[in-house]
Q: 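The structure under discussion is supplied below as structure tokens; questions concerning it will follow.
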Amino acid sequence: MPVQLLKIIKGKSEPPLPSHLQKEDLTHLREGLDHTNKYFQGIVILSYPVTKLKDGTDFFKIVLKDMDSSCSWINSINILIYGKMAEDCAQVVLHGDTIVVAGFKLAKSPTAQEDGRHACHLEVSEESGSAIYIYSQQTRTAPSKPALVSVAPKYVYTPLNRLKDGTVVNLYGIVKFFKPPYISKGTDFCSVVTLMDPSNVKLTCSLFNRNLDCLPKIYKVGDIVRFHRIKIRAYNGQMQGITTGGFASLVFDGTVGAPIVPRTSSKAYSFVDEERKTIEDLRVWAASNLSISEPAVKLSGVEPMLFFDLTCQLVGKAKVDETSFLLKVWDGTTCRYPTWKVRVEARDLEGDEDHLCRLQDLTVDILVYDNHVHLARSLKIGSFLRIYNIHAKQANANGEDASRIGFHLHGGTGYGRGIGVLPESNPDVKDLKAFLESVDLFDSQDMESMSSVEFDGTSYSDADFESDLKRYQQLPVTVLTDHLDLDNTDLKTILSSTAPQEYRVRAKLGTYKPQKLYQAVKLHCSKCNSSQEVPHGDELALILQGSAIPAPNPELHNTSWYDSAMWTTQDQKQRKIAIHFVRHEKILQDPEKSLLMIEGGTLKEIWKLTKKFKCIIPVRSTEHDLALLDLSVPFLFQGNIKYYGCKQCSTPKPIKSLSSVVAEQEEPSWEPTEIAQVLGIEPLQYAFIMKFTLVDRTGALDAYLLDYEKFFKIPASEILSSDFLQQKMQMIMNALCPPGGKLDDLPWLECFIKSYNVRDAMNHQVCYQIFDTTVAEDVI
DNA sequence: TTAGGATTAG
């Protein structure tokens, strides 16, 4: 059967895929390789309407994203489906479905430059023996019975300002406050959740269930929930939500751009395509209307008297007495203050002895009380926890420990106090795990060499010393471009100093973010210091389509400084396109030096023009003059580079300001900065924005890198259109932080970092930025 | 039933 619907049951395909088929990674799809018994699997991120080719063949195009592609810059590929398969697939495929394509033909993608996807596309049809397997997210029928398609029930969601006493409703909300599930005084677990939605109304819900797993898996304020069948009651003059027998919930990460993966214990749940849009909209609304993104506190940032949430790993636990229990945890950083240790007998301490011993300087003791003891006792060693509302309290002033900080999880559930277990799939856990692994390796090396010196003086041989020395003397992979007279400062000293200051450091790169390097390229405004994502080709194409309205105004054509041409497309849309060639005697004969403005052009048309002409400026007609488009699209296309302007800092001027350049200059060079200035645009610069976790023997520190070209010696503006530069960047990062390498084997980085203060009404944080540093010549 | 957000006081 060429198109088949399958299911995933307990992580396995049901029915299974044919056994001769092997999965092929996106990076291994290349022309000239044999893909006969291979299949490609991806998630549908885009699909187009079915069309008919000139010969009458049905044609359906979808875009699949490779969810396993870890390092590749390019993670999506076009799939072209022909003939009967096109119709069959189009009937059932939905955004978000996982699709397996086998028996495909691979061919060069003519649109790769424009859409930024894989250099090849896959062609499939029944005639060429292809097969498509669809793992849908919903209950759907096989394509042979189209009359039964779309059997998912339709849910209606009530905004929070429309809730009525005594009703049972479905709703969406953004978590404004929550108490992680705790054992209530009755028979059930309880979780209290306060939600907000764009109607700006709050709703506090009391959720009960005997099974902890049936309560919503909320991990942080800002998460988005979808509740089905929640009962609404009036209480103290306000509406409140309470679980009913049929209550069900989904929880989503509330971060704009994060993958939309529902967290639920429910095995069967509906989630249709339009709900994806609801989540995206709520994320965007929350980002600009709710202040929920408090920076996470690490142990290194703990101050006395602070109440904070800690994401950490459980290393050891012990019963202390009837009302208190000890948790030994770490997050890879060290506290700046001496910490109070709880005395327990070694035999009462549960956890790996070696691990506990090795990490003794990195773990902290958290004493949990009363209602939290029961849950604490059940925690598994090694699990990742978020402990909410820990109190960092000065130890008892009577003893010698007065200067030490004790960590307490007091009884009660006020302020969301409690303990949550995070799954390993949680993005914060993934980050923490990578960091802990690097710190642990560093630390274990330290312990091993120390213990061999302490217990057996002769075992640390000259050869060991030589090899250590050699390792230390190895040329660093980054070098300084200035301030060579400064001495190195260790990270612990930096962490305990006030900002702002500048330091020279010698450290290793424990880990970095983003791991997918294409995510590091941003557009940065040096004036307001804001940064934004580089718009995707599809997004641009859509906006430019919108710019086709209004039609070009012929009264603005053929002026003293440009000549115009206009025509209408032959397709159904009858779109009007106008091109205005800027006139200049020196450059008129030479298209490669000329600038033109275009009205009503698509992204594809503009892209074609950039091959022939030096500069393309997309414009629209107003009553009296041509004007720039909205700054969501580039104000200028030059070669492969799209130049954007900052919406906040630009004050666009009429296009006729450009005529001064033509009048004044003998041969305009059309420098983007000059064009921007004349048009009142504050240009955005392409930049790599990354977070480097630097590690040395004294501690770990996150430093930001904001680089246009100096650090990597790669222009950030050019990397998105160059396979070669992308490979080069990946190689550099592999040299700085070899994948899978033990920290001890990692190369040294020499960097300058400057500390600075980030303050708002509630928080104060010291941040660090790398400057005057570059990748060493021999690395490139 | 339980909780109904709004710090413990070890």
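None of the values given here were measured: they were computed from a predicted structure. Just the heavy atoms: all of them, side chains too, but no hydrogens, waters or symmetry mates, feed the values below. Below, read A as the first sequence line, B as the second, and so on, with proteins coming before strands; counting in each chain starts at 1.
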Q: Looking at L327(A), D309(A), T311(A), which hits side chain to side chain contact (heavy atoms under 4.5 Å, CB included) with I387(A)?
A: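 It is L327(A); the other options fail the test.
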Q: Please state how far atom CG in L215(A) lies from atom C1' in dT2(B), giving the value in whole angstrom units.
A: 12 Å
Q: At under 4.0 Å between heavy atoms, what does I242(A) touch on the DNA or RNA strands: base, sugar-phosphate, or nothing?
A: base
Q: Nearest to the Y182(A) side chain among dG5(B), dG10(B), dA3(B), which nucleotide is it?
A: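 Nucleotide nearest to Y182(A)'s side chain: dA3(B).
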Q: Tell me whether Y369(A) is stacked on the nucleobase of dT8(B), counting only the six-membered base ring and applying the 5.5 Å and 30° thresholds.
A: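 No, aromatic ring not over the base.
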Q: Under a 3.5 Å cutoff, is there a donor and acceptor pairing between the side chains of E303(A) and Y337(A)?
A: yes
Q: Checking all strands, does G411(A) fall into the base, sugar-phosphate, or nothing category for heavy-atom contacts under 4.0 angstrom?
A: base
Q: Name the closest nucleotide to the F307(A) side chain, picking from dT8(B), dT2(B), dG10(B).
A: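 Of the candidates, dT8(B) comes closest.
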Q: When S191(A) is tested against each of L215(A), N209(A), L212(A) for side chain to side chain contact (heavy atoms under 4.5 Å, CB included), which residue passes?
A: L215(A)
Q: Would you check if F208(A) stacks with the base of dT1(B), given a 5.5 Å centroid limit and a 30° plane limit, both strict?
A: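 Stacking is absent between dT1(B) and F208(A), given that the ring centres and planes do not meet under 5.5 Å and under 30°.
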Q: Name the nucleic acid region contacted by Y388(A), choosing base, sugar-phosphate or nothing; use a 4.0 angstrom heavy-atom cut-off, strictly under.
A: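 Contact class for Y388(A): none.
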Q: To the nearest Å, how far apart are L326(A) CG and dG10(B) C1'?
A: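 About 14 Å, once rounded to whole Å.
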Q: Would you mind reporting whether L705(A) and Y512(A) have side-chain heavy atoms less than 4.5 Å apart?
A: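 SC-SC contact between Y512(A) and L705(A) ruled out.
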Q: N389(A) CG to dT8(B) C1': how many Å, rounded?
A: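 One finds 9 Å between C1' of dT8(B) and CG of N389(A), rounded.
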Q: Regarding dG10(B), can its base be found pairing with the side chain of S324(A) as donor and acceptor, where the two atoms are less than 3.5 Å apart?
A: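 Absent.
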Q: Whole angstrom is fine here: how far is it from CH2 in W340(A) over to P in dG10(B)?
A: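 In whole Å, dG10(B) P and W340(A) CH2 are 10 Å from each other.
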Q: From the list dG10(B), dT2(B), dG4(B), which nucleotide is the closest neighbour of the side chain of R233(A)?
A: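 Among the listed nucleotides, the one closest to the side chain of R233(A) is dG4(B).
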Q: Distance check needed: dA3(B) P versus K179(A) NZ, whole Å only.
A: 9 Å
Q: May I ask you to say what D370(A) touches in the nucleic acid, namely base, sugar-phosphate or nothing, with a heavy-atom cut-off under 4.0 Å?
A: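 Base contact.
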Q: Evaluate the side-chain proximity of L207(A) to P216(A): yes if any heavy-atom separation is below 4.5 Å, no if none is.
A: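 A side-chain contact under 4.5 Å exists here.
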Q: Whole angstroms only, please: what is the CZ-C1' distance between F177(A) and dG4(B)?
A: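 That distance rounds to 11 Å.
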Q: Kindly state whether the pair Y415(A) / dA6(B) counts as stacked, where counting means centroids closer than 5.5 Å and planes tilted less than 30° apart.
A: no
Q: Across the strands shown, which category fits T413(A) at heavy-atom distances under 4.0 angstrom: base, sugar-phosphate, nothing?
A: nothing
Q: Just one of F271(A), Y157(A), F247(A) clears the ring pair (Phe, Tyr, Trp, His ring centres under 6.0 Å) bar with H228(A), so which one?
A: Y157(A)
Q: Let me know the distance between CD of Q394(A) and C1' of dT8(B), rounded to the nearest Å.
A: 16 Å
Q: Of the nucleotides dG4(B), dG10(B), dT7(B), which one has an atom closest to the side chain of H410(A)?
A: dG10(B)
Q: Check the phosphate of dG10(B) against K393(A), side-chain N and O only, distance under 4.0 Å to OP1 or OP2. Yes or no?
A: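 For K393(A), the contact criterion (side-chain N or O under 4.0 Å from OP1 or OP2 of dG10(B)) is met.
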